[in-house]
Asker: 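Provided herewith is a single structure, encoded as structure tokens, for subsequent inquiry.
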Amino acid sequence: MSEEKSLNFIEEIIEEHLKEGKYQSILTRFPPEPNGYLHIGHAKSICLNFGLGIEYNGKTNLRFDDTNPVTEDTEYVDSIKEDIQWLGFNWANEFYASDYFDTLYEYAVKLIKKGLAYVDDSSAEEIASQKGTPTQPGVRNKYADRTAEENLQLFADMKVGKYTDGEKVLRAKIDMADPNMHMRDPIIYRIKHAHHHRTGDKWCIYPMYDFAHGQSDSIENITHSICTLEFIPHRPLYDWCIEKLEIFPSKQYEFARLNLTYTVMSKRKLLQLVNENHVSGWDDPRMPTISGLRRRGYTPESIRDFCDRIGVAKRDNLIDVSLLEFCVREHLNKVALRRMVVFDPLKITITNYPETAEILTTDNNPEDPNGGVRDISFSKEILIEKDDFMENPPKKYFRLAPGQMVRLKSAYIIKCDEVIKDAAGNVTELKCTYIPESKSGSDTSGIHVKGTLHWVNAADAVKVEVREYDRLFKAEDISSEEGDFKDYINANSLNIVTGYAEPSILNANNENRFQFLRKGYYCLDKDSSKEKIIFNRTVTLKDTWAKEAKKA
RNA sequence: UGGCCUAUAGUAUAAUGGUAGUACGACAGAUUUUGGUUCUGUUUGUCUUGGUUCGAAUCCAGGUAGGCCAACCA
């Protein structure tokens, strides 16, 4: 029964560490910067980090990497926590890099005392030009020669606010000729007279990422610090700081970040879409954000399944968004309540049906044995989808056509007798007859039809607004396209239509997931109200007929 | 033109020196009161050139291709 699942390279490393006794247990962390909302790429990292903690009986901390007060905000802290919990994960501790500002300051002092850091008065431009290029070594300036005492005093003066932003920085003294640019005396502290979302105005100097992240890992005793590939060149610096500071040796491991077709996956670009009103907000259902996917109707289960299927490796990847759609369809198929909704109605009059209505029952979910049933009303006037009728059907079209029969789902078989058209020649109504012996559940007619249609009773259909979403971008791989990413925005990514739903839709709540029969999966939008019911289309059903029709 | 990382089917991901497998996609068929679901089958792959070895996707060397690195961002 237990087909052993192969390990990804990080699991292999951890199992080796556990086996050889390097660690008794593992501790990972998820370290977002609170400067934007989490997206599906973060979900990959969350599932990896928290998943490892669960898999190996370890723990995972949530640590906000809040070392840059000018871009960070508590709004983002709150959204990040909500998204992680919604995905189904619990952190052992909620920490902030800013919790460690005092310790980090002492660490910097220690480096200065060891002669491994100095205060530099150069401008940003000077520092950049002295840094050299990847092919040319950098040069050290005169400030590198300052004594430890002088540096200590200067750094203390920086801390108490004696200087303005940019006037001085603290640099690690490593090697200006290192082929790795990050080792060319990197800046580790800068002056920012800015209000911090947690420490307020206590500090006017803030550590850089490279002087905060590894040390924070070390302070928390993180065993496996997992990040994305672009941090590989930072690893020597990560190790250098830990070694010189003589603190707990956390280790960094890097995996390839997620890229998805037809979307962008950078907080900077997503922020731009929000700020420039290309979308309604971070939680716009077209956004690849966790909050957008949630509003769209994606389930945590489906996102976790997706992260599981895409795997973890070190090569760059571009995952087809159809895999994400497959995952959500697979989950929703099992849990969604079936309902009938007609989007583009065509009236049918059943000429041999009595004037009184009849109550029929139908499954809430044929995939769920405990799903139960519901009542639906049936009468001589019903609505079907315009697409479900063709006056001159092609071969293999087994919907309604003149003289052809179809089953109305959970009701009767009907036959199309007459087509009514308006002056312009548009079909406006169909006259049909029904087969009384063909009632669902007690069919004695002996008639077999190929097609089954969804329908609603014209008399009690409920009008709803349905928001249909398409991909946000027209290009599959935006990073490979010329020009600005916004040139590839799909102008038709939102299409609002009216649907005519069976009355049971009035009982819908925000937790419900629906399958509108033969159409797709839907959920109530947060904008919905009693007066105006609004649904989001999560994803369509697979439509092999549409594919077939396209071929012809 | 420096350093680092990576290269297996259309897209991902396994095979840890010994039969190249899995998922999604695509295609074909069966079932179906959702042209959904389910089931069955088919299809396509080790970047390249050498070397080591009885045996190489795997180890070594050269090439090629892609990615990352020169923010007082993370």
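Here is how names work: the chains are called A, B, and so on, in the same order as the sequence lines, proteins then strands, and each is numbered from 1.
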Asker: Where the side chain of A/M181 is concerned, which of B/C69, B/C4, B/U13 is the nearest nucleotide?
Answerer: B/C69
Asker: Let me know, please, whether A/D543 or A/A128 comes out on the 5' side of the other along RNA chain B by nearest nucleotide.
Answerer: A/D543
Asker: Look at A/R315 and B/U13 and indicate whether a side-chain polar atom (N or O) is within less than 4.0 Å of OP1 or OP2.
Answerer: yes
Asker: Counting only side-chain nitrogens and oxygens, does A/T544 get under 4.0 Å of the OP1 or OP2 atom of B/G36?
Answerer: yes
Asker: Quick one: are the ring centres of A/H234 and A/Y238 less than 6.0 Å apart?
Answerer: no
Asker: With respect to the side chain of A/F398, which nucleotide from B/G25, B/G35, B/A74 is positioned closest?
Answerer: B/G35
Asker: When we call it a touch if two heavy atoms are under 4.0 Å apart, what does A/R338 touch: a base, just sugar-phosphate, or nothing?
Answerer: base
Asker: Are A/W545 and B/G35 stacked, counting the six-membered base ring, centres under 5.5 Å, planes under 30°?
Answerer: yes
Asker: Check this one for me: any side-chain N or O of A/R399 less than 4.0 Å away from OP1 or OP2 of B/G35?
Answerer: no
Asker: Any side-chain N or O of A/T67 under 4.0 Å from OP1/OP2 of B/A74?
Answerer: yes
Asker: Is the cationic atom of A/R63 (NZ for Lys, CZ for Arg) positioned less than 6.0 Å from the six-membered ring centroid of A/F95 and within 45 degrees of its normal?
Answerer: no
Asker: Among B/A12, B/G36, B/A74, find the nucleotide with the atom closest to the side chain of A/M208.
Answerer: B/A74
Asker: Please say whether more than 12 non-hydrogen atoms of neighbouring residues, nucleotides or ligands are located less than 6.0 Å from NZ in A/K396.
Answerer: no
Asker: Using the C1' atom on both, measure B/G45 against B/A7 and round to a whole Å.
Answerer: 13 Å
Asker: Among B/G36, B/G35, B/C72, find the nucleotide with the atom closest to the side chain of A/K396.
Answerer: B/G35
Asker: So what's B/C68 paired with, Watson-Crick or G-U wobble, going by both distances under 3.5 Å?
Answerer: B/G3
Asker: Of all the nucleotides listed (B/C24, B/C4, B/C72), which has the minimum atom distance to the side chain of A/L323?
Answerer: B/C24
Asker: Under 4.0 angstrom, heavy atoms only, what part of the nucleic acid is A/S480 near: base, sugar-phosphate, or nothing?
Answerer: nothing
Asker: Which nucleotide, in any strand shown, forms a Watson-Crick or G-U wobble pair with B/U22, with both distances under 3.5 Å?
Answerer: B/A12
Asker: Can you spot which of A/Y500, A/Y412, A/F378 makes a ring pair (Phe, Tyr, Trp, His ring centres under 6.0 Å) with A/W455?
Answerer: A/F378
Asker: B/U34, B/C69, B/G35: which one has an atom nearest the side-chain heavy atoms of A/L541?
Answerer: B/U34
Asker: Less than 4.0 Å between a side-chain N and a carboxylate O, is that true for A/D120 and A/R146?
Answerer: no
Asker: For the side chain of A/T133, starting at C-beta, report the closest nucleotide among B/U37, B/A74, B/A70.
Answerer: B/A70
Asker: Looking only at the side chain of A/E230 (C-beta and beyond, no hydrogens), which of the listed nucleotides B/U34, B/C68, B/C72 gets closest?
Answerer: B/C68
Asker: Looking only at N and O atoms, is any donor in the side chain of A/Q515 or the base of B/U34 less than 3.5 Å from an acceptor on the other one?
Answerer: yes
Asker: With a 4.0 Å cutoff (strictly under), does any side-chain N or O of A/K547 reach OP1 or OP2 of B/C27?
Answerer: yes
Asker: Roughly how far apart, to the nearest Å, are B/U53 and B/U58 at atom C1'?
Answerer: 13 Å
Asker: Is NZ or CZ of A/K192 both nearer than 6.0 Å to the six-membered ring centre of A/Y206 and within 45° of the ring axis?
Answerer: no
Asker: Has A/R190 got a side-chain N or O lying under 4.0 Å from the OP1 or OP2 atom of B/C73?
Answerer: yes
Asker: Identify which nucleotide among B/U13, B/C5, B/C24 has an atom closest to any side-chain atom of A/A313, counting heavy atoms from C-beta outward.
Answerer: B/U13
Asker: Could you tell me whether the phosphate oxygens of B/C73, OP1 or OP2, come under 4.0 Å of any side-chain nitrogen or oxygen in A/K192?
Answerer: yes
Asker: Between B/G35, B/A23, B/G2, which one does the side chain of A/P179 approach most closely?
Answerer: B/G2
